[in-house]
Amino acid sequence: MITLTDIDPSMIANNLTPFQPTHPGELIRDELEERNVTQSKLARQIGVSPSLLNEVINCKRGVSTELALLLEAALGISADIWLKLQSEYNMQVAKSDSSFMNRLANIRKITAVF
């Protein structure tokens with residue numbers, strides 16, 4: 001009989017890191033499609049430039065606190081959710097950067113001496 005203690009924690013679905021992180025802009029795009037709302041209409045409603053919203057939706061720009069609050073007001077989806085998604089995306093991107101991870105490892109070696 002297999003118990004939870006026999007399972008490698010990194011292989012549990014909730015602990016897996018996706019191959020490619022999901023940018024919150026992809027979810028905004030999905031939400032707009034589901035609601036049949038255009039980017040330009042949402043941009044007008046929340047008072048941002050269509051190009052700014054387009055850059056977020058196309059994963060070229062992150063979701064700021066202000067934009068998260070505007071999205072919350074327009075879509076009824078908590079700003080906290082948008083910010084958490086952005087934070088998780090940023091963390092996954094950083095962790096997938098081998099150069100940055102080597103830099104962190106070196107810092108940890110240095111500080112381990114103290």
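Met91 and Met101 fall into different hydrophobic clusters, where Ile, Leu, Val, Met, Phe, Trp and Tyr residues are linked whenever their side-chain heavy atoms come under 4.5 Å apart, directly or through other members. The hydrophobic clustering, which links ILVMFWY residues whose side-chain heavy atoms are closer than 4.5 Å, places Ile77 and Leu71 together. If you chain together hydrophobic residues whose side chains sit under 4.5 Å apart, Leu52 and Leu70 fall into the same group. When hydrophobic clusters are built by joining Ile, Leu, Val, Met, Phe, Trp and Tyr residues whose side-chain heavy atoms come closer than 4.5 Å, directly or via intermediates, Val48 is grouped together with Val37.
Residues Leu42 and Ala74 share a closest heavy-atom pair of CD1-CB, 3.7 Å. The shortest heavy-atom contact between Pro24 and Tyr89 is CD-CB, 4.3 Å.
Between Gln92 and Lys95 the shortest side-chain heavy-atom distance does not fall below 4.5 Å. Ile46 is listed as a side-chain neighbour of Leu67, based on a closest heavy-atom distance under 4.5 Å. With a 4.5 Å cut-off on side-chain heavy atoms, Trp82 and Leu75 count as touching. Considering only heavy atoms from C-beta on, Leu27 comes within 4.5 Å of Thr22 through its side chain. Using a 4.5 Å heavy-atom cutoff, the side chains of Glu26 and Cys59 are in contact. For the pair Leu32 and Ile57, the minimum side-chain heavy-atom distance is below 4.5 Å. The closest side-chain heavy-atom distance from Leu85 to Val63 is not below 4.5 Å.
Between the OG atom of Ser64 and the CG atom of Leu83 there is a distance of 8.0 Å, given to the nearest 0.5 Å.
Under the 3.5 Å distance criterion, the side-chain polar atoms of Asn54 are left unmatched by any main-chain donor or acceptor of Pro50. At least one donor-acceptor pair closer than 3.5 Å links the side chain of Asp97 to the backbone N or O of Ser99.
Ionic pairing of Arg61 and Glu55 is present here: one or more N-O contacts between side-chain nitrogen and carboxylate oxygen are shorter than 4.0 angstrom.
At most 12 non-hydrogen atoms from other residues, nucleotides or ligands lie less than 6.0 angstrom from CZ of Arg103. More than 12 heavy atoms of other residues, nucleotides or ligands sit less than 6.0 Å from atom CD of Glu33. Other residues, nucleotides and ligands contribute at most 12 non-hydrogen atoms within 6.0 Å of the CG atom of Asn36.
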